[in-house]
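Start at 1 with the first residue, then count along the sequence.
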Amino acid sequence: MTTETTIQERMNIVIVGHVDHGKSTLLGRLYADTGTLPEGKIEKVQAICRQQGKEFEYAFLFDAFLEEQQQGITIDTARTFFTWGGRQYIIIDAPGHKEFLKNMVSGAARAEAALLIIDALEGVREQSKRHGLLLSMLGVKQVTVIVNKMDLVNYREDTFQAIEKEYREFLSQLNVIPQYIIPASAKQGVNITKVSSETPWYTGPSVLDSLAHFHLETARSEQALRFPLQDVYKFDARRILVGRLTAGTLKIGDRLVFSPTNKSANVQSIEAFNVDPPPTHATAGQSVGITLDEQIFVERGHIASHEDARPLVSTQIRANLFWLGSQPLETGRTYTLRLATREVLCEITAIHRIVDATNLDDRRTQSTVQRNEVADITLRTKSPIAFDLYATFETTGRFVLVDNYDVAGGGIITELVADEQEDFRTEARERDSAWVQGDVGAEDRSLRYGHRAAVVLLTGPDTTAKSFLARKLETVLVAEGRHAYLLAAENLQRGLDADLHDIKPEEMVRRFGEVVRLLTDTGSLVITTTNAFPQTAKNILQTVQTLVNPIPVITVHMTKDQSGPQPDRDLIFAGPEDFDACTHQIIETLKQKGILAEPNESHPTVQFSI
């Protein structure tokens with residue numbers, strides 16, 4: 001059998017199964033019958049077997065082929081290649097599952113489909129279920145199951161059907177639907193490259209023909225745009241946004257949306273170093289800089305996309321994590337999550353399932369994950385992040401966790417977990433996409449006022465004089481010439497919220513957040529407190545942050561007792577007596593965060609991107 005030499009496309013396929021279930025025999029037979037092996041290779045291996053008094057096995061043929069293909073190459077997953085029907089198949093077979101798992105979550109390996117082998121004589125054993133779980137955790141959805149060694153059960157249809165029924169039911173629990181389940185004998189060549197007469201009751205394709213039914217991933221340049229920002233530079237009075245396109249294409253004039261903030265603008269130019277004439281478009285894999293037709297707040301870690309295909313946004317994700325840290329992964333501990341160019345603090349809120357990558361032992365919910373274990377987890381980030389599911393976008397669906405400055409684990413995102421802010425986030429996204437802009441932008445206002453728009457939100461018990469400190473802060477800022485305004489929620493309740501009659505506190509908070517958003521659009525420093533709300537300060541804070549994002553919210557907590565655990569705030573004051581000192585500390589914090597410029601500067605400098 002001869003092989004076609006013209007390669008039109010390539011596909012990565014992982015083969016999983018117990019070492020004794022015939023993986024090497026299957027691959028040896030495939031390579032021999034597709035003409036992939038070098039001329040004389042079969043005869044050479046047959047001669048060696050005769051010299052050693054051993055029966056010829058196609059597994060020996062594959063092992064010799066593997067050694068030849070990998071000569072001089074150091075790898076930890078076995079990769080071999082064969083071409084059929086204009087497609088080159090790259091077969092990935094890890095000698096240990098740990099290596100393959102590590103490479104999958106790190107991006108070193110990428111399987112688009114899988115062949116899973118079951119021994120017909122043994123049936124569906126625990127190991128076969130673990131292999132199915134492995135594929136599910138790695139997000140591999142295209143699967144063909146091969147029931148091998150059918151010759152040992154005399155090609156009995158009832159034996160095959162029992163295995164097929166049991167394994168389909170198991171895989172359905174993992175949301176994996178096999179494209180085909182094929183009865184085969186790799187040793188005898190039955191149903192490997194063509195359907196054989198030994199199984200007249202089987203009407204499906206051969207193993208080789210089934211490969212053609214696996215769908216290739218869409219080329220990255222043809223996917224929706226993903227442009228994670230690496231930095232923002234000021235150059236010749238221009239703000240240049242730089243990064244690497246991980247998917248899709250962009251061109252001058254495109255309308256871009258930056259997630260998770262929902263800010264949008266048009267591409268004015270595409271910048272490249274020493275390129276003449278300047279490029280008019282860019283595609284996946286290129287590192288470029290772009291300028292926008294208006295000044296909006298963007299920073300490192302934001303992901304640019306087109307309006308009709310945005311990434312997901314949430315503070316909670318479900319993921320499969322491979323842990324390599326010297327210390328166990330623990331729920332409740334704080335880690336740093338790195339996704340594309342974004343870094344954000346996070347904690348593990350739930351561990352649903354753990355699999356030991358060395359032997360695929362499976363254990364249910366625990367509070368810690370040990371080294372070399374794979375865990376199905378839910379994590380929560382301190383602030384919203386933009387991301388994709390790994391099955392859709394590889395780069396923006398993969399992340400690492402950092403523990404004490406060391407990369408300790410890598411994961412792939414399998415699901416968005418809706419948080420309590422999801423409805424507000426949707427509202428803000430739809431509102432901002434249709435926001436009517438005037439001719440005066442945020443940067444124009446900041447130059448005029450000497451500061452960026454921001455919110456100072458004071459939380460804590462009603463008895464801690466939050467209102468007094470808020471009024472003091474407003475007075476000092478206005479005296480310095482700042483555009484500051486004290487927003488008392490009580491005033492809204494007497495007017496805008498008069499129709500609610502204290503029966504819809506969530507709606508009161510929503511309207512409050514929208515008023516804050518309007519005031520910040522004027523470039524104001526909005527000062528407010530949680531005094532008027534019956535809800536917990538946490539809910540108010542999260543809602544305001546969601547509705548005004550990306551406007552910074554500076555949180556100040558006031559308490560009578562600082563001995564117990566305190567909330568996560570920018571500043572905490574315990575029973576303050578010196579309100580002048582507290583006001584000064586808040587103003588210094590605003591300066592440190594690049595919100596306030598020094599007063600009386602002729603050309604004030606405020607920080608619009610980090």
No-hydrogen, no-angle side-chain donor-acceptor test under 3.5 Å, [X] and [Y]:
| X | Y | value |
| --- | --- | --- |
| S269 | T291 | yes |
| D570 | T555 | yes |
| R425 | T315 | no |
| T459 | R569 | yes |

For [X] and [Y], work out which heavy atoms get closest and say how close.
| X | Y | result |
| --- | --- | --- |
| A114 | F214 | O-CZ, 3.7 Å |
| S314 | D419 | OG-OD2, 3.6 Å |
| K251 | I270 | CA-CD1, 4.0 Å |
| P550 | R452 | O-NH2, 4.3 Å |
| S259 | R310 | OG-CB, 4.5 Å |
| S383 | R342 | OG-NH2, 3.0 Å |

Looking at [Y], is its backbone amide N or carbonyl O close enough to the side chain of [X] to form a donor-acceptor pair, meaning the two atoms are under 3.5 Å apart?
| X | Y | result |
| --- | --- | --- |
| Y335 | A408 | no |
| R300 | Q230 | yes |
| Y180 | V207 | no |

Quiz item: So W435 and R517, side chain to side chain contact (heavy atoms under 4.5 Å, CB included) or not? Walk me through it.
Solution: CA-CA 12 Å; W435 192 266; R517 169 68 175 85; 3.7 Å; yes

Exercise. Mind running salt bridge (Lys or Arg N to Asp or Glu O under 4.0 Å) on E9 and R87 for me, showing each step along the way?
Key: CA-CA 5 Å; E9 54 191 29; R87 177 187 285 179; 2.8 Å; yes

Self-check item: Step-by-step side chain to side chain contact (heavy atoms under 4.5 Å, CB included) determination, L345 to T336
Solution: CA-CA 5 Å; L345 295 179; T336 299; 3.6 Å; yes

Quiz item: Is R380 paired with E347 through a side-chain N to carboxylate O contact shorter than 4.0 Å?
Solution: no

Quiz item: Any Lys/Arg nitrogen of R431 or E427 sitting under 4.0 Å from an Asp/Glu carboxylate oxygen of the other?
Solution: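 Judged by the 4.0 Å cut-off on N to carboxylate O distance, R431 and E427 do not form a salt bridge.
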
Exercise. Applying ring pair (Phe, Tyr, Trp, His ring centres under 6.0 Å), name anything that partners F424, two or more places apart in sequence or on another chain.
Key: none

Please round to the nearest 0.5 Å and tell me the distance separating atom [atom1] of [X] and atom [atom2] of [Y].
| X | Y | atom1 | atom2 | answer |
| --- | --- | --- | --- | --- |
| K234 | I240 | NZ | CD1 | 11.0 Å |
| R353 | I377 | CZ | CD1 | 15.0 Å |
| W84 | L208 | CH2 | CG | 6.0 Å |
| Y390 | T396 | OH | OG1 | 11.5 Å |
| T249 | H306 | OG1 | NE2 | 6.5 Å |
| I15 | I117 | CD1 | CD1 | 3.5 Å |

Validation row: [X], [Y] side chains within 4.5 angstrom (heavy atoms):
| X | Y | result |
| --- | --- | --- |
| I595 | I554 | yes |
| L401 | I348 | yes |
| H213 | T144 | no |
| N404 | Q327 | no |
| L211 | L115 | yes |
| P311 | R226 | yes |
| L292 | R239 | no |
| Q179 | Q142 | yes |

Exercise. Just do the side chain to side chain contact (heavy atoms under 4.5 Å, CB included) check on F393 and T246 with the steps written out, would you?
Key: CA-CA 9 Å; F393 289 92; T246 60; over 6 Å; no

Practice problem: List the steps, then state whether side chain to side chain contact (heavy atoms under 4.5 Å, CB included) holds for L329 with D403. | Solution: CA-CA 9 Å; L329 178 81; D403 184 20; over 6 Å; no

Exercise. State whether the number of non-hydrogen atoms from other residues, nucleotides or ligands found under 6.0 Å of D293 atom CG is greater than 12.
Key: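 Yes, because the 6.0 Å sphere around CG of D293 holds more than 12 heavy atoms from other groups.
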
Quiz item: More than 12 non-hydrogen atoms from neighbouring residues, nucleotides or ligands closer than 6.0 Å to CD1 on I177, yes or no?
Solution: no

Quiz prompt | Full working for salt bridge (Lys or Arg N to Asp or Glu O under 4.0 Å) between E507 and R510 | solution = CA-CA 5 Å; E507 176 62 12; R510 187 195 72 81; 2.8 Å; yes

Quiz prompt | Of T378, T414, D376, the residue whose pairing with R318 passes side chain to side chain donor-acceptor pair (under 3.5 Å) | solution = D376

Quiz prompt | Stepwise side-chain hydrogen bond (donor to acceptor under 3.5 Å, both in side chains) check, T368 with R333 | solution = CA-CA 10 Å; T368 61; R333 272 193 62 191; over 6 Å; no

